[in-house]
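Structure first, commentary second.
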Amino acid sequence: MNSLKLIAVALIAAGVFALVYGSFSYTKDTTAVKLGPLELSVKEKETVNLPVWAGVGAIVIGGLLLVFGSKK
């Protein structure tokens, strides 16, 4: 499998992931207060929304690369 087909399959998989889940979240550690040897850290939960057009676009571009990328 050449690299172009691998990229195409990865784009299609990422597009399907974006359409199925719609968003993902992660936890970010931040330092709120640092006073000498004492440190207070806070964990913040961040959510990233994935737009539908990005998922559809990734699937379309991946499909086009898969179909037309192997033509010589």
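- Looking at heavy atoms from C-beta onward, Leu50 lies in side-chain contact with Phe24 at the 4.5 angstrom threshold.
- Side-chain atoms of Thr30 and Glu44 form a donor-acceptor pair, as typed in the model, at a separation below 3.5 Å.
- The cluster map of Ile, Leu, Val, Met, Phe, Trp and Tyr, joined by side-chain heavy atoms under 4.5 Å apart, puts Val20 and Val56 in the same cluster.
- Of the inter-residue distances, the one linking Lys28 atom NZ with Glu46 atom CD reads 4.5 Å to the nearest 0.5 angstrom.
- Leu11 is listed as a side-chain neighbour of Leu65, based on a closest heavy-atom distance under 4.5 Å.
- For the atom pair CD (Glu39) and OG1 (Thr31), the distance works out to 4.0 Å, reported to the nearest 0.5 Å.
- Atoms OG1 and OH, on Thr47 and Tyr26 in that order, are 9.0 Å from each other to the nearest 0.5 Å.
- Residues Ala18 and Gly55 approach most closely at CB-CA, 3.9 Å, considering heavy atoms.
- Linking Ile, Leu, Val, Met, Phe, Trp and Tyr residues whenever their side-chain heavy atoms come within less than 4.5 Å places Leu19 and Val48 in a single cluster.
- For the atom pair CD1 of Ile12 and CG of Leu66, the computed distance is 5.0 Å after rounding to the nearest 0.5 Å.
- Listed here is the closest heavy atom pair of Ala58 and Gly15: CB-CA, 3.9 Å.
- A heavy-atom distance below 4.5 Å is found between the side chains of Asn49 and Ser23.
- Hydrophobic clustering of Ile, Leu, Val, Met, Phe, Trp and Tyr side chains at less than 4.5 Å, counting indirect connections, keeps Ile61 apart from Trp53.
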